[in-house]
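Every heavy atom of this structure was used, including side-chain atoms; hydrogens, water molecules and symmetry mates were not. Just so it is clear, the model here is predicted, and its values are computed rather than measured.
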Amino acid sequence: MAVDMKFFEELESRIPKGKVRTRFAPSPTGYMHVGNLRTALYTWLIARNAGGTFILRIEDTDQGRLVEGATEVIYRTMAECGLTHDEGPDVGGPVGPYIQTERRPLYKKFAELLVEKGAAYYCFCEKAESEEDSGEFNRGDDPCRDMSPEEVAANLAAGKPYVIRQRIPHEGSTTFHDISFGDITVENKELDDQVLLKRDGLPTYNFANVIDDHLMGITHVVRGSEYLSSAPKYNLLYEGFGWDIPTYVHCSPVMRDAQNKMSKRHGDPSYEDLKALGYITPAILNYVALLGWSPRGDIAEQEIFSLEELARAFDIAGISKSPAIFDIEKLTYFNASYLRAMDPAEFAKLAEPFIRQGVKGEQYDAAQIAGLLQARCEKLTEIPEKVDFFDTLPEYDKELFTNKKSKTNDEVSLAMLEATLPVLESLDRWEQEAIHDALIALAEKLEVKNATLMWPLRIAIAGKAVTPGGAVELCHILGRDEVVRRVKIGMDKLK
């Protein structure tokens, strides 16, 4: 049957040429897991490093797995991470639409064109839907593979349901090249005639990918190494159409440990989960970038990168073919580094909602409390527990007053509090410097180390062995009346 080539020529004329074009093409089937985020990041970095174009495409042809609200999660995650796209469903572009189901009429025409070229065929066999989706089942040659044009036409005229399958050559081999894995050769006899177009008229994932990548001018295809086995069939499709094959970048999986991939089913965190656990977006991105990629040259030892620095440094030759193990402790290290390097005002703004979870009293200045936390905080979610003593002095055991390093016990601690109380009560100015100077002078007068005086005071006003900030800072924020009240409670415990 004749195919109208003008339709295809018009589509070809729209394809942008001459620069790097990459795409992130998620399926809206739920959360953004770490592997997905890494693919999005690498794809964005390749485009930005080359001064190219980054495209967001929504692959929603698997209607049975769609999750309501998942597309919004994709948009929100990309925006939060600064992975801005130049073309996509919400911003348009020269090769739209950018949602696969809106491109549905295209796939049938291209499947029919491939039949015309002899690289695909109509199959009228009764097969299970799952077989149609994957094309993976044990059989000899499909009986429809060599059906005469007359038989095909008769079946179509009779309205018989069909799929369109790829015609894999029986002889020879197919070699494809990957940036990380090099040349890989597969014997064609090991490949099956995969379904390209299903009975409902929707394409299979593999077919839609090839069509869309070509029509959108994609030069670099980034995906997980689980698709290495499909790459020979992709190549044969490109060759069947007579199209250029893009650069393949297959990324090895992100692993929970040496044996197991990360999986939501096993409780491994998504991007949203990591944020909820108190990790900030720049730290997550920095860490994820290094899960399978290493900087080279002068920056080979550098660990901390801004997104802009990553875009300048990113080189696809630095992508490893070895699986990367997700280490939550390493991410925590990155997160702490980012928090401590922040502008204090920016940290205070970020920390305030978490501070207010633990400190409801408006008399306590959140910015002052943030100043204590910044150098001592690894994750934002640690904050409420660290600062809850401001509102309410917790119940604590007097054993906390005993500290070998500070040379304190019950007797020493009581003596220190008894000496400290009148000094604090009579202080002219309740300012941090004044409190500090008065306490240091008192320790000198008592002929004790500063720690011997400060330890009991800090225990009395916080009721905790570990606090953000020392006794002087805590006294200043709590205020004279509350400090005096708490010191008296501590003295009562020790008597």
Side-chain angles (χ1 to χ4, degrees), residues 1-15 59 61-62 100-137 139-174 176 186 188-216 230-246:
M1 69 188 69
V3 176
D4 177 12
M5 293 306 296
K6 286 184 180 179
F7 171 81
F8 301 102
E9 290 165 2
E10 194 276 328
L11 288 175
E12 289 286 328
S13 71
R14 291 168 52 191
I15 300 174
E59 300 199 336
T61 53
D62 191 348
Q100 275 192 336
T101 48
E102 294 177 11
R103 301 170 65 83
R104 181 171 179 160
L106 291 176
Y107 306 118
K108 186 171 188 290
K109 289 181 182 293
F110 276 94
E112 290 169 348
L113 176 62
L114 206 59
V115 171
E116 186 77 6
K117 288 176 173 288
Y121 61 92
Y122 290 94
C123 174
F124 301 93
C125 301
E126 292 292 333
K127 296 287 192 303
E129 186 68 25
S130 61
E131 292 174 336
E132 288 188 7
D133 283 341
S134 67
E136 295 178 3
F137 50 92
R139 55 166 173 74
D141 272 354
D142 192 296
C144 299
R145 180 180 168 109
D146 297 317
M147 190 176 286
S148 70
E150 292 76 20
E151 289 177 284
V152 170
N155 284 335
L156 291 175
K160 288 188 71 171
Y162 64 86
V163 300
I164 293 180
R165 292 187 182 279
Q166 185 174 5
R167 188 188 298 275
I168 302 289
H170 283 153
E171 307 299 326
S173 61
T174 298
F176 67 94
V186 178
N188 288 335
K189 64 184 179 184
E190 296 178 10
L191 305 175
D192 65 289
D193 289 359
Q194 66 175 342
V195 172
L196 305 178
L197 196 75
K198 297 183 285 187
R199 292 186 179 191
D200 60 7
L202 282 173
T204 54
Y205 172 85
N206 289 335
F207 187 56
N209 255 271
V210 169
I211 302 302
D212 290 341
D213 285 347
H214 174 71
L215 293 181
M216 293 183 179
S230 299
K233 293 188 248 187
Y234 296 149
N235 268 30
L236 289 169
L237 285 172
Y238 281 107
E239 290 169 3
F241 284 116
W243 295 339
D244 291 338
I245 296 170

>> Tell me whether the rings of Trp243 and Phe110 are parallel (<30°), tilted (30 to 60°) or perpendicular (>60°).
In response: perpendicular
> Which residues satisfy the side-chain contact (heavy atoms from CB on, under 4.5 Å) test with Glu171, sequence neighbours excluded?
Replying inline: none
>> Once rounded to the nearest 0.5 Å, what's the spacing between atom CZ of Phe176 and atom CD1 of Ile245?
In response: 10.5 Å
>> With rounding to the nearest 0.5 angstrom, report the CE to CD distance, Met5 to Glu10.
In response: 13.0 Å
> Hey, are Arg103 and Glu59 close enough for a salt bridge, meaning a charged N less than 4.0 Å from a carboxylate O?
Replying inline: no
>> Any non-hydrogen side-chain atom of Val210 less than 4.5 Å from a side-chain atom of Asp213?
In response: no
>> To the closest 0.5 Å, what do you measure between CG (Asp200) and CZ (Arg104)?
In response: 5.5 Å
> Considering only heavy atoms from C-beta outward, does the side chain of Phe207 approach that of Gln194 to under 4.5 Å?
Replying inline: no
> How about Leu11 and Leu106: do any of their side-chain heavy atoms sit closer than 4.5 Å?
Replying inline: yes
> Can you name the salt bridge (charged side-chain N to carboxylate O under 4.0 Å, His left out) partners of Lys189, sequence neighbours left out?
Replying inline: none
>> Using side-chain heavy atoms (C-beta onward) and a distance below 4.5 Å, is Tyr122 in contact with Asn155?
In response: no
> How many angstroms lie between CG in Asn235 and OG1 in Thr174, if you round to the nearest 0.5 Å?
Replying inline: 7.0 Å
>> Assess whether a salt bridge exists between Lys108 and Glu112, defined as any Lys/Arg side-chain N lying under 4.0 Å from an Asp/Glu carboxylate O.
In response: yes
> Is there a side chain to side chain donor-acceptor pair (under 3.5 Å) between Tyr121 and Asp146 once you walk through the steps?
Replying inline: CA-CA 8 Å; Tyr121 61 92; Asp146 297 317; over 6 Å; no
>> Within this structure, what is the CG-CD1 distance for the pair Leu114 and Ile164, rounded to the nearest 0.5 Å?
In response: 8.5 Å
> Does Lys233 pair with Asp192 as a salt bridge, N-O distance under 4.0 Å?
Replying inline: yes
> Got a sec, which residues hit salt bridge (charged side-chain N to carboxylate O under 4.0 Å, His left out) with Arg145, two or more places apart in sequence or on another chain?
Replying inline: Asp193
> With a 4.5 Å limit on heavy-atom distance, are the side chains of Tyr234 and Asn206 in contact?
Replying inline: yes
> For Val195, does its backbone N or O pair with a side-chain atom of Thr204 as donor and acceptor, under 3.5 Å?
Replying inline: yes
>> Could you measure the distance from the SG atom of Cys123 to the CZ atom of Arg167? Nearest 0.5 Å is fine.
In response: 11.0 Å
> With side chains defined as the heavy atoms from C-beta onward, is the minimum distance between Ile15 and His214 less than 4.5 Å?
Replying inline: yes
